[in-house]
Amino acid sequence: TAVGYAVVSSQPGRTQAQKRLMAIRSSRMSAMRELAEQIHGIQVDSNTTIIDLMVQNDTFRGIVSGTIRGARTVRINPTGTDTYEVLLEIDKDTLSYLLRQARTVA
């Protein structure tokens, strides 16, 4: 399972209804990213610059890449006054099947 969140007021749209729909879509994509991270992992790149034994710059970047199939929307809830939450899940049998298929292709 994975949960995604999005804030309504920061979404593009001319009306409040459009912003709500965009927040739901955005929170669903956030949950998809979380599922991809759980299934495929996350690549972390980092860079630290040290001058005179003092950290001058420290940057991190995470990259998630993968295909999600078979995700089911369990619930879409407003949380608070300006946020939406989406819960997605992938059935264990579906996930096992997809992983077996991916291994035979590789």
Participant: Taking all non-hydrogen atoms of both residues, which atom of Glu85 and which atom of Ser27 are closest, and how far apart?
Facilitator: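 Closest heavy-atom pair between Glu85 and Ser27: C-OG, 4.5 Å.
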Participant: Following the transitive rule for hydrophobic clusters with a side-chain heavy-atom cut-off under 4.5 Å over Ile, Leu, Val, Met, Phe, Trp and Tyr, establish whether Leu21 and Met32 coincide in one cluster.
Facilitator: no
Participant: So, for Leu88 and Arg28, which heavy atoms are closest and what is the spacing to 0.1 Å?
Facilitator: CD1-O, 3.8 Å
Participant: Could you go step by step and tell me if Asn47 and Thr59 meet the side chain to side chain donor-acceptor pair (under 3.5 Å) rule?
Facilitator: CA-CA 5 Å; Asn47 187 21; Thr59 59; 4.7 Å; no
Participant: Mind checking the CD-CD spacing from Gln16 to Gln11? Nearest 0.5 Å is all I need.
Facilitator: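 These two atoms lie 10.5 Å from each other.
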Participant: Between the side chains of Thr48 and Asp58, is a donor N or O closer than 3.5 angstrom to an acceptor N or O?
Facilitator: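 Yes - a donor-acceptor pair under 3.5 Å links their side chains.
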Participant: I would like to know whether Asn77 and Tyr84 meet side-chain contact (heavy atoms from CB on, under 4.5 Å); could you show each step before the answer?
Facilitator: CA-CA 6 Å; Asn77 287 335; Tyr84 270 90; over 6 Å; no
Participant: So which residues get pulled into Met54's cluster when ILVMFWY side chains under 4.5 Å apart are joined, directly or through others?
Facilitator: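 Traced through the cluster, Met54 reaches no other member.
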Participant: Show the numbers, then the answer: is there a side-chain contact (heavy atoms from CB on, under 4.5 Å) between Ile63 and Val44?
Facilitator: CA-CA 6 Å; Ile63 300 167; Val44 177; over 6 Å; no
Participant: Which pair of heavy atoms, one from Ala2 and one from Ala31, lies closest together, and at what distance?
Facilitator: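 Smallest heavy-atom distance, with atoms named: CB-O, 3.4 Å.
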Participant: So, taking the atom named OG in Ser65 and the one named CD1 in Ile42, what distance separates them when rounded to the nearest 0.5 Å?
Facilitator: 11.5 Å
Participant: Quick check against the 3.5 Å criterion: does Ser26 have a side-chain atom that pairs as donor or acceptor with the backbone of Met22?
Facilitator: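 No: the side chain of Ser26 does not pair with the backbone of Met22.
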Participant: Hey, what else clusters with Val55 if you join Ile, Leu, Val, Met, Phe, Trp, Tyr whenever side-chain heavy atoms sit under 4.5 Å?
Facilitator: Ile50
Participant: Using the rule given for side-chain contact (heavy atoms from CB on, under 4.5 Å), can you reason through Lys19 versus Ser9, listing the C-alpha separation, both sets of side-chain angles and the distance that settles it, and then say yes or no?
Facilitator: CA-CA 7 Å; Lys19 290 182 177 201; Ser9 61; 5.9 Å; no
Participant: Please lay out, stage by stage, how Phe60 and Asp45 fare under the test side-chain contact (heavy atoms from CB on, under 4.5 Å).
Facilitator: CA-CA 6 Å; Phe60 295 90; Asp45 293 325; over 6 Å; no
Participant: Measure across Thr1 and Leu35 and return the closest heavy-atom pair with its distance rounded to 0.1 Å.
Facilitator: C-CD2, 4.1 Å
Participant: Drop me the distance from Glu34's CD to Ile39's CD1, to the nearest 0.5 angstrom.
Facilitator: 10.5 Å
Participant: So, Gln18 side chain and Arg14 main chain: donor-acceptor pair closer than 3.5 Å or not?
Facilitator: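 It does hold such a pair.
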Participant: Looking at Val7 and Thr83, what are the two nearest heavy atoms and their distance?
Facilitator: CG2-OG1, 4.2 Å
Participant: To the nearest 0.5 Å, how far apart are CZ in Arg20 and CD1 in Ile76?
Facilitator: 13.0 Å
Participant: Can you name the nearest heavy-atom pair linking Thr67 to His40, along with the distance?
Facilitator: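 Taking Thr67 first and His40 second, the nearest heavy atoms are O-NE2, 3.3 Å.
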Participant: What distance separates Glu89 CD from Leu95 CG, expressed to the nearest 0.5 Å?
Facilitator: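 It comes to 11.5 Å.
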Participant: To which residues is Val3 joined in a hydrophobic cluster, defined by side-chain heavy-atom contacts under 4.5 Å among Ile, Leu, Val, Met, Phe, Trp and Tyr, whether direct or through other members?
Facilitator: Tyr5, Val74, Leu87
